[in-house]
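Treat the numbers as computed from the prediction; the structure is a model and nothing was measured.
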Amino acid sequence: MALPSGSDSALARLAGVSHRYGDVLALDKLDLEVREGEVLAVLGPNGAGKTTAVSLLLGTLTLQTGAARVFGSAPDAAEVRLRRGAMLQVSGVPETLTVGEHLALFRAYYPSPLPTARLLEMAGLQELRDRRFGKLSGGQKQRVMFALALAGDPELVFLDEPTAGLDLDGRRRLWDEIRGLKAAGRTAVLTTHYLEEADALADRIAVIHRGRLIAEGSPEEIKSRTAGRVVRCVTTITTETARSFPEAAGAEMKGQHLEVVTAEPEAVLRRMFALDPELGDLTVAGVGLEEAFLALTGDGGPDGNGAEPEGEA
């Protein structure tokens, strides 16, 4: 299938892609474009189709219906693999090799790799160069995977939950490096369940839900899709009851607080006070990316329950 015309700056694209796992439809005629020089965040609840879409762009999953191209070629072409990097949740790297040995091995795959010293610096691994991978903490292993993804100085890099398991300092450090990739003219595709991460890093966000692209744009454009406010309070009103309000675009519990996204906060407040005159700790604020995501998908967040096979995100 020929790809339809799209942005001239697209480095990678899925066009009309559908994919099934048995009877489960993971992607439903999905169109997705990755543009040169951007950080694209792909968001969606668990089971939305994110991992399937990224796997097709990586060439690690066989295309069933539609078309996929990266740098104008098939995603699994040898010339594509030399120009892109990937940081995935399932590493499979030998635990007996040291950090330095892993970097040397991965650098050998590419014609013009980044210097080892630079990779160690980017991932904050200078003190861990001689430590065996199996002796590292979860966060340290995550930083090694980040360095390995950048070993070949890729033009396009896929980052799957890059800061999972990192402390705040480690997360902020990787954020700075991802920003540095963009400043150097590189392109990154980011999947993350930290919505603040997507808000802080992404030039563009693609929200996938039930295998379809339901929203696309800058973080501000995504937030503007939900015209309204967030009503937040401590109340005996259940999430299910709040979601039944005609004026509610979404509702969820955050600790002890119920949060309701709505374009009509006054009407929601009238309903809430009628049901619970004793509600307290009340605030009304503007919609953030998390609330916009909730309203768009109708789920509790990127880790909400999905209907796809286990392991699909």
Side-chain angles (χ1 to χ4, degrees), residues 3 6-7 9-15 17 19 26-27 30-45 48-61 63 66-77 80-91 122 142 145-164 174-175 177-195 197-209 211-219 222 289 293 302 312-313:
L3 283 166
S7 170
S9 61
L11 292 188
R13 189 181 300 141
L14 298 177
V17 169
H19 196 90
L27 296 180
L30 178 71
D31 294 323
L32 183 65
E33 187 175 86
V34 183
R35 300 169 189 165
E36 185 175 3
E38 73 173 355
V39 176
L40 171 67
V42 181
L43 305 180
K50 304 187 304 297
T51 297
T52 299
V54 170
S55 297
L56 288 168
L57 288 172
L58 286 171
T60 58
L61 193 62
L63 187 69
R69 290 290 184 273
V70 180
F71 300 122
S73 301
D76 61 349
V80 171
R81 295 198 299 270
L82 290 175
R83 299 172 65 187
R84 59 100 170 132
M87 177 184 179
L88 305 178
Q89 289 297 298
V90 180
S91 64
M122 293 174 77
Q142 193 76 349
M145 300 312 297
F146 181 72
L148 296 181
L150 302 180
D153 194 15
E155 299 170 51
L156 170 64
V157 61
F158 293 85
L159 302 172
D160 182 20
E161 303 288 353
T163 62
L174 251 66
W175 284 13
E177 293 299 339
I178 293 169
R179 292 187 181 104
L181 292 175
K182 179 192 169 185
R186 301 311 195 226
T187 303
V189 177
L190 171 71
T191 56
T192 178
H193 69 274
Y194 296 121
L195 292 179
E197 188 163 271
D199 203 358
L201 295 176
D203 300 291
R204 192 164 55 93
I205 291 173
V207 181
I208 299 176
H209 188 46
R212 291 177 174 266
L213 182 67
I214 63 169
E216 182 183 13
S218 69
I222 295 295
L289 184 58
F293 181 96
E312 166 57 37

Evaluation steps, side-chain contact (heavy atoms from CB on, under 4.5 Å), between V189 and L57
CA-CA 10 Å; V189 177; L57 288 172; 5.7 Å; no

Inter-residue atom distance I222.CD1 - L43.CG, 0.5 Å rounding:
8.0 Å

Which heavy atom of A149 sits nearest to which heavy atom of P154, and what is that distance?
O-CG, 3.6 Å

With V80 via side-chain contact (heavy atoms from CB on, under 4.5 Å) - residues at least two apart:
V70, F71, S73, A77, R84

Measure the OG1-CG distance between T191 and L40 for me, rounded to the nearest 0.5 Å.
10.0 Å

Go through F146 and L159 one step at a time and tell me if the side-chain contact (heavy atoms from CB on, under 4.5 Å) criterion holds.
CA-CA 8 Å; F146 181 72; L159 302 172; 4.1 Å; yes

Mind checking the CZ-CG spacing from R69 to L14? Nearest 0.5 Å is all I need.
11.0 Å

Kindly compute the distance separating CZ (F158) from CG (L58), expressed to the nearest 0.5 Å.
5.0 Å

To the nearest 0.5 Å, tell me how far M87 CE sits from Q142 CD.
3.5 Å

Where M122 and L181 come nearest, the two heavy atoms and their spacing:
CE-CD2, 4.3 Å

Residues which pass salt bridge (charged side-chain N to carboxylate O under 4.0 Å, His left out) with D203, listed by chain and number, not counting sequence neighbours:
K182

Closest non-hydrogen contact found for G211 with L30 is O-CB, 3.9 Å

Do S55 side-chain atoms and T60 backbone N/O form a donor-acceptor pair below 3.5 Å?
no

Report the C-alpha separation of L201 and L190 in whole Å, then their side-chain angles, then the decisive distance to 0.1 Å, and conclude whether the side-chain contact (heavy atoms from CB on, under 4.5 Å) test is met.
CA-CA 9 Å; L201 295 176; L190 171 71; 4.2 Å; yes

Set of residues satisfying side-chain hydrogen bond (donor to acceptor under 3.5 Å, both in side chains) with respect to E197, sequence neighbours excluded
T163, W175, T192

Considering residues at least two apart in sequence or located in another chain, which fulfil the side-chain hydrogen bond (donor to acceptor under 3.5 Å, both in side chains) criterion with R204?
E38, E216

Could you tell me which non-hydrogen atom of A198 sits nearest to which non-hydrogen atom of L289, and how far apart they are?
CB-CD2, 4.1 Å

At their closest point, which heavy atom of D199 faces which heavy atom of P219, and how far apart are they?
OD1-CB, 3.3 Å

Quick one, L27 with L56, criterion side-chain contact (heavy atoms from CB on, under 4.5 Å). Give me CA distance, side-chain angles, the key distance, then yes/no.
CA-CA 11 Å; L27 296 180; L56 288 168; 3.7 Å; yes

Quick one, L213 and D31 - any side-chain contact, counting heavy atoms below 4.5 Å?
no

Shortest non-hydrogen contact from I214 toward H209:
CD1-CB, 3.6 Å

Rounded to the nearest 0.5 Å, what separation is found between the CG atom of D160 and the CE atom of M145?
10.5 Å

